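Please read all numbers here as calculations on a predicted model, not as lab measurements.
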Amino acid sequence: VPGNGVDDDCDGAVDEATTGCDANEVEPNGSIALADTLLSGTSICGVVSPTADEDTFRFTVAPWTAVTLDVDAVTGPGGSDLDSWLILMNGSGTVLDENDDAGGSLDSLLEVILVGGGTYYAEVSDADYLGGASFDYSLALSTAPACDEVELEPNGSASFADPILLGDVACGQVSGSFDNDWFSFSVTAGQTVTFDLDALDIGSALGAQIKIYNGAGALLADD
């Protein structure tokens with residue numbers, strides 16, 4: 001139901017467009033070399049046909065970009081026979097992430113943070129290697145900066161800490177066994193502050209640790 005503020009199709013997006021696209025796929029597009037271009041904030045319509053057809057799309061992002069790829073087929077007007085399979089690949093064609101069913105729907109959804117900037121590829125196919133005239137879909141791309149601040153090296157001690165504001169998201173990379181990234185912030189007396197360090201959630205292998213020090217260098221918390 002458009003405009004009701006409810007995620008009716010349970011795909012993680014509220015009131016997304018269910019009719020019409022900004023462009024249509026151009027066949028052949030079955031490989032990264034033949035991929036169609038998909039722009040942020042737009043959707044593209046396609047059909048998985050014939051059987052085992054794979055439609056590939058390219059898009060370019062800046063470093064540290066939050067990306068949402070949303071396939072609507074079964075939940076669209078009149079529905080579709082497509083049980084979509086959505087794959088995200090890097091510029092070399094290596095699979096970074098994939099999704100079959102999202103939120104109880106046969107439609108697919110990927111929400112990822114891409115640390116490296118450059119060109120990436122999305123591939124849409126049918127999970128059961130089927131296809132035909134009724135296997136139509138729309139693929140929407142939306143992007144947003146993932147960080148308020150990106151670390152600036154060297155920041156390996158309190159003296160060189162990168163300043164951040166409460167409520168900000170700071171992003172960085174631990175490079176090597178002895179790399180520690182420091183950030184500084186200011187609080188008022190009695191203020192409660194929550195720290196949330198995400199690594200695994202964005203596909204990182206970092207066994208993350210966070211330590212909180214006061215201005216005098218005394219360790220207050222360690223998790």
Side-chain angles (χ1 to χ4, degrees), residues 5 7 10-14 40-41 59-70 86-105 108-122 140-223:
D7 180 14
C10 304
D11 68 350
V14 177
S40 177
F59 61 93
T60 302
V61 296
W64 289 108
T65 298
V67 172
T68 299
L69 291 161
D70 182 13
L86 178 61
I87 296 176
L88 173 65
M89 298 175 286
N90 64 15
S92 301
T94 302
V95 175
L96 303 178
D97 204 350
E98 53 191 323
N99 177 256
D100 180 8
D101 302 331
S105 167
S108 302
L109 178 72
L110 283 176
E111 296 176 303
V112 298
I113 292 177
L114 298 176
V115 176
T119 299
Y120 293 83
Y121 297 88
L141 169 67
S142 58
T143 62
C147 322
D148 298 298
E149 302 289 342
V150 177
E151 67 157 330
L152 181 63
E153 294 281 5
N155 61 351
S157 67
S159 300
F160 292 96
D162 294 327
I164 59 174
L165 300 175
L166 293 184
D168 279 358
V169 176
C171 296
Q173 290 179 296
V174 172
S175 303
S177 302
F178 300 101
D179 183 22
N180 299 307
D181 295 335
W182 286 67
F183 300 90
S184 63
F185 57 95
S186 298
V187 297
T188 58
Q191 191 169 8
T192 299
V193 182
T194 299
F195 300 90
D196 180 18
L197 179 57
D198 291 324
L200 296 177
D201 286 349
I202 64 170
S204 171
L206 179 68
Q209 181 183 37
I210 185 170
K211 294 183 178 182
I212 310 301
Y213 297 86
N214 65 14
L219 180 64
L220 304 179
D222 181 359
D223 182 72

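No side-chain heavy atom of Met89 sits less than 4.5 Å from a side-chain heavy atom of Leu96. Contact of the Leu219 side chain with the Ile212 side chain is not registered, since no non-hydrogen atoms from C-beta on lie closer than 4.5 Å. Looking at heavy atoms from C-beta onward, Asp181 lies out of side-chain contact with Phe160 at the 4.5 angstrom threshold. Side-chain contact between Asn180 and Phe178 is absent, with no heavy-atom pair separated by less than 4.5 Å. The shortest distance between side-chain heavy atoms of Thr68 and Leu109 falls below 4.5 Å.
One distance of note links CG of Asp97 with CG of Leu69; it measures 9.5 Å at 0.5 Å rounding. Between Ile164 atom CD1 and Glu151 atom CD the span is 11.5 Å, to the nearest 0.5 Å. Note that the CD atom of Glu111 and the CG atom of Leu88 stand 12.5 Å from one another [nearest 0.5 Å]. A distance of 8.0 Å separates CG of Leu166 from OG of Ser186, quoted to the nearest 0.5 Å. Rounding to the nearest 0.5 Å gives a distance of 4.5 Å between SG of Cys171 and CH2 of Trp64.
Of the possible donor and acceptor atoms, none in the side chain of Ser92 sits under 3.5 Å from a partner among the backbone N and O of Thr94. With Glu153 contributing its side chain and Asn155 its backbone, the two residues share a donor-acceptor pair below 3.5 Å. Not a single donor-acceptor pair under 3.5 Å links the side chain of Asp70 to the backbone N or O of Ala140. A distance-only check finds a donor-acceptor pair linking the side chain of Asp148 to the backbone of Val169 [under 3.5 Å]. For the pair Thr143 (side chain) and Val67 (backbone), a donor-acceptor distance under 3.5 Å is absent. No side-chain donor-acceptor contact under 3.5 Å links Asp222 to the backbone of Lys211. At least one donor-acceptor pair under 3.5 Å links the side chain of Asn214 to the backbone N or O of Gly217.
Scanning both residues, Val61 and Gly116, for their nearest heavy atoms gives CG2-O, 4.5 Å. Gln173 and Val115 make their closest contact through NE2-CG1, 3.7 Å (heavy atoms, listed as atom of the first residue, atom of the second, distance).
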May I have the list of side-chain donor-acceptor pairs in residues 187-194 shorter than 3.5 Å, sequence neighbours left out?
residue : atom : partner : partner atom : Å
Thr188  : OG1  : Gln191  : OE1          : 3.1
Gln191  : OE1  : Thr188  : N            : 2.9

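Pairs of residues two or more places apart, or lying in two chains, that qualify as ring-ring contact (aromatic ring centres under 6.0 Å, His included) and include a residue from residues 180-219 are Trp182-Tyr213, Phe185-Phe195.
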- Just do the side-chain contact (heavy atoms from CB on, under 4.5 Å) check on Thr60 and Tyr120 with the steps written out, would you? CA-CA 6 Å; Thr60 302; Tyr120 293 83; over 6 Å; no
- Message: Working note: Thr65 + Ile113, criterion side-chain contact (heavy atoms from CB on, under 4.5 Å); need CA distance, chi angles, decisive distance, verdict.
- Response: CA-CA 6 Å; Thr65 298; Ile113 292 177; over 6 Å; no
- Message: Quick one, Glu149 with Asp162, criterion side-chain contact (heavy atoms from CB on, under 4.5 Å). Give me CA distance, side-chain angles, the key distance, then yes/no.
- Response: CA-CA 9 Å; Glu149 302 289 342; Asp162 294 327; over 6 Å; no
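Applying side chain to side chain contact (heavy atoms under 4.5 Å, CB included) to Leu197 and the options Asp223, Ile210, Leu206 leaves one that passes, Ile210.
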